[in-house]
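Input: a single structure, listed below in structure tokens.
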Amino acid sequence: MTALTFRLSNTVLGAPDPCALGRFYRELLGWELREEEPEWVVLKPPGGMIGLAFQREDGHVPPTWPAGPGDQQMQAHLDIGVADLEAGVAHAESLGATQAGHQPQDDVRVMLDPAGHPFCLFTDA
């Protein structure tokens with residue numbers, strides 16, 4: 001019997017507008033658009049296999065950061081390394097991200113993408 005092989009293909013984020021969120025992350029990361037339909041968008045790094053995908057969620061409720069009792073909790077977040085944290089934050093903000101009100105670490109910036117998903121920018125030395 002041949003052993004099963006599993007391969008992670010994408011991390012998928014729900015969004016009310018997957019095309020808009022795909023454009024945000026394409027500009028932020030410089031990744032390639034591989035698929036784009038009204039309900040589904042896929043991005044991959046140049047030459048890469050594992051990417052990000054975005055699917056339509058009509059009832060999307062953005063997570064609260066940090067979550068309190070009864071709040072919509074974050075199920076996952078992205079950690080994104082940048083060479084210059086300040087410049088990375090400014091670039092993300094120019095694309096529509098906002099800094100979260102709560103910042104638990106001095107060397108990491110918790111950001112919220114345009115659909116409200118938290119992601120962290122950190123200096124990738």
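Sequential numbering from 1 along the given sequence is applied to the chain's residues. Not measured: the values here are computed from a predicted model.
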Chi angles and distances behind the side-chain contact (heavy atoms from CB on, under 4.5 Å) call for Arg109, Gln99: CA-CA 7 Å; Arg109 284 296 160 270; Gln99 289 190 56; 3.3 Å; yes

Pairs under 3.5 angstrom only: tabulate donor-acceptor contacts from the side chains of residues 24-32 to other protein residues two or more places apart or in another chain.
| unit_1 | atom_1 | unit_2 | atom_2 | d |
| --- | --- | --- | --- | --- |
| Tyr25 | OH | Asp113 | OD2 | 2.8 |
| Glu32 | OE1 | Arg34 | NH2 | 3.4 |

Donor-acceptor list for residues 38-60 side chains, cut-off 3.5 Å, not counting sequence neighbours:
| unit_1 | atom_1 | unit_2 | atom_2 | d |
| --- | --- | --- | --- | --- |
| Glu39 | OE1 | Arg56 | NE | 3.3 |
| Glu39 | OE2 | Arg56 | NE | 3.0 |
| Trp40 | NE1 | Glu35 | OE1 | 3.4 |
| Lys44 | NZ | Ser9 | O | 3.0 |
| Lys44 | NZ | Asn10 | OD1 | 3.0 |
| Lys44 | NZ | Met49 | O | 2.5 |
| Arg56 | NH1 | Pro16 | O | 2.6 |
| Arg56 | NH2 | Pro38 | O | 2.7 |
| Glu57 | OE1 | His60 | ND1 | 3.3 |
| His60 | NE2 | Ala115 | O | 3.0 |

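With hydrophobic clusters built from ILVMFWY side chains whose heavy atoms lie under 4.5 angstrom apart, Ile80 shares a cluster with Leu85. Two different hydrophobic clusters hold Leu21 and Val61 under the rule that ILVMFWY side chains link at heavy-atom gaps under 4.5 Å. Criterion: ILVMFWY side-chain heavy atoms under 4.5 Å apart, direct or through other members. Under it, Leu13 and Phe119 are part of a common hydrophobic cluster. Linking ILVMFWY residues whenever their side-chain heavy atoms come closer than 4.5 Å, directly or via other members, places Leu78 and Leu95 in the same cluster.
Here the NE2 atom belonging to His117 is positioned 15.0 Å from the CH2 atom belonging to Trp65, to the nearest 0.5 angstrom. Between Phe122 atom CZ and Asp107 atom CG the span is 10.0 Å, to the nearest 0.5 Å.
Of all heavy-atom pairs between Ser94 and His91, the closest is OG-O, 2.7 Å. Closest of all the heavy-atom pairs between Ala97 and Met111 is CB-CE, 4.1 Å. Smallest separation of non-hydrogen atoms from Asp71 and Pro66: OD2-O, 4.4 Å. In this structure, Gly88 and Val82 approach most closely via the heavy-atom pair CA-CG1, 4.4 Å. Taking every heavy atom of both residues into account, Asp124 and Gly81 meet most closely at CB-CA, 3.6 Å. The heavy-atom pair separating Asp79 from Cys120 by the smallest distance is OD1-CB, 3.4 Å.
Applying the 6.0 Å contact sphere to CG of Asp106 captures no more than 12 heavy atoms from other residues, nucleotides or ligands. For Glu86, the CD atom sits in a loose shell: 12 or fewer heavy atoms of surrounding residues, nucleotides or ligands are nearer than 6.0 Å.
A donor-acceptor pair is defined here as one N or O able to donate and one able to accept, closer than 3.5 Å; such a pair exists between the side chain of Gln103 and the backbone of Val110.
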